[in-house]
Protein chains: 2
Amino acid sequence: MKNKIKIARAIKDVTQGTLADEIGVSRQTINALEKGKYVPSTVLALKLAAFFGQSVEELFSLEDED
Amino acid sequence: MKNKIKIARAIKDVTQGTLADEIGVSRQTINALEKGKYVPSTVLALKLAAFFGQSVEELFSLEDED
DNA sequence: ATATAAAGTAAAATAAACTTTACATTTTTT
DNA sequence: AAAAAATGTAAAGTTTATTTTACTTTATAT
């Protein structure tokens, strides 16, 4: 699964740390997500999408191996 | 987090078992999701939403305690 | 009414998400 | 150039998702 968190974050010009605070997760979770280390829960995905004013489908996309 | 899987499944008239097969998870996972036992990963949410032709936001919604 | 399919449930096991702490590197600001 | 902020990373620990097996109950079909 791919995501555009880093891009969305750049557009909004917000730091990993403040994003983490806004969403209520650790900064390492944001960092790991951006790095593709793991797939977030749907709760997290919904919160991130809402924060960036995008749909989950816009922010996250399935890949062949999913 | 709430979801409308049971309703979407009724509309499509598909069984927990065949849905599970289509998506590639166990039948108990579908059952547990419908029963609100846990929150799926974003990969699963995207697959379910795609299967039902809905957006993740339509199929899943955050609640206050999230 | 009996057989069969579907749904509910539960316990144990495994895998994966997420946190915490802590430190190293890179980028930005002064 | 030095300081400060942001990012990258990693290991250990906790929590939660998901599977497997297996059994019970409810609904549907014959």
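These numbers come from the heavy atoms of this one structure, side chains and all, not from hydrogens, waters or symmetry mates. Proteins get letters first, then strands, A, B, ... in listed order; numbering begins at 1 in each.
In this structure, CZ in Phe51(A) is found 11.5 Å from CD1 in Ile5(A), a value given to the nearest 0.5 Å.
Remark: P of dT9(D) and CG of Leu33(A) are 14 Å apart, rounded to the nearest angstrom. The distance from atom OH of Tyr38(A) to atom C1' of dA17(D) is 14 Å, rounded to the nearest whole Å. Per the geometry, CG belonging to Asp21(B) stands 17 Å off P belonging to dT18(D), to the nearest Å. Nucleotide dT16(D) holds its C1' atom 14 Å from the CG atom of Leu44(B), rounded to whole Å. Per the geometry, NZ belonging to Lys6(A) stands 13 Å off P belonging to dT26(C), to the nearest Å. Distance Lys37(B) NZ to dT19(D) P: 15 Å, rounded to the nearest Å. In this structure, the NZ atom of Lys47(B) is 10 Å from the P atom of dT18(D), given to the nearest Å. We find that CG of Asp13(A) is positioned 15 Å from C1' of dT7(D), with the value rounded to whole Å.
Take the nearest nucleotide of DNA chain D for Gln28(B) and for Gln28(A): the residue whose nucleotide is more 5' is Gln28(A).
If you chain together hydrophobic residues whose side chains sit under 4.5 Å apart, Val39(B) and Leu62(B) fall into the same group.
Taking only side-chain nitrogens and oxygens, Lys35(B) comes nearer than 4.0 Å to OP1 or OP2 of dT9(C). Side-chain nitrogen and oxygen atoms of Asn31(B) include at least one within less than 4.0 Å of the OP1 or OP2 phosphate oxygen of dG8(C).
If you check dT19(C), dT18(D), dA17(D) against the side chain of Thr29(A), the one that comes closest is dT19(C). Listed candidates were dT7(D), dT9(D), dT18(D). Nearest to the side chain of Gln16(A) is dT7(D). Taking every side-chain heavy atom of Arg9(A) into account, dT7(D) is the closest of dT9(C), dA17(C), dT7(D). Listed candidates were dT19(D), dT9(C), dG8(D). Nearest to the side chain of Val25(B) is dT19(D).
Using a 4.0 Å heavy-atom distance criterion, Ser41(B) is classed as a sugar-phosphate-only contact. Heavy atoms of Thr15(B) sit under 4.0 angstrom from primed sugar atoms or phosphate atoms, though from no base atom.
In Lys12(B), the NZ atom is crowded: over 12 heavy atoms of neighbouring residues, nucleotides or ligands sit closer than 6.0 Å.
Between Arg27(B) and Asp21(B) there is no side-chain heavy-atom pair separated by less than 4.5 Å.
Not a single donor-acceptor pair, N or O on each side, falls under 3.5 Å between the base of dA6(C) and the side chain of Arg27(B).
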| Would Thr15(A) and Thr18(A) count as a side chain to side chain donor-acceptor pair (under 3.5 Å) if you check the C-alpha gap in whole Å, the side-chain angles of each, and the deciding distance to 0.1 Å? | CA-CA 5 Å; Thr15(A) 192; Thr18(A) 59; 5.1 Å; no
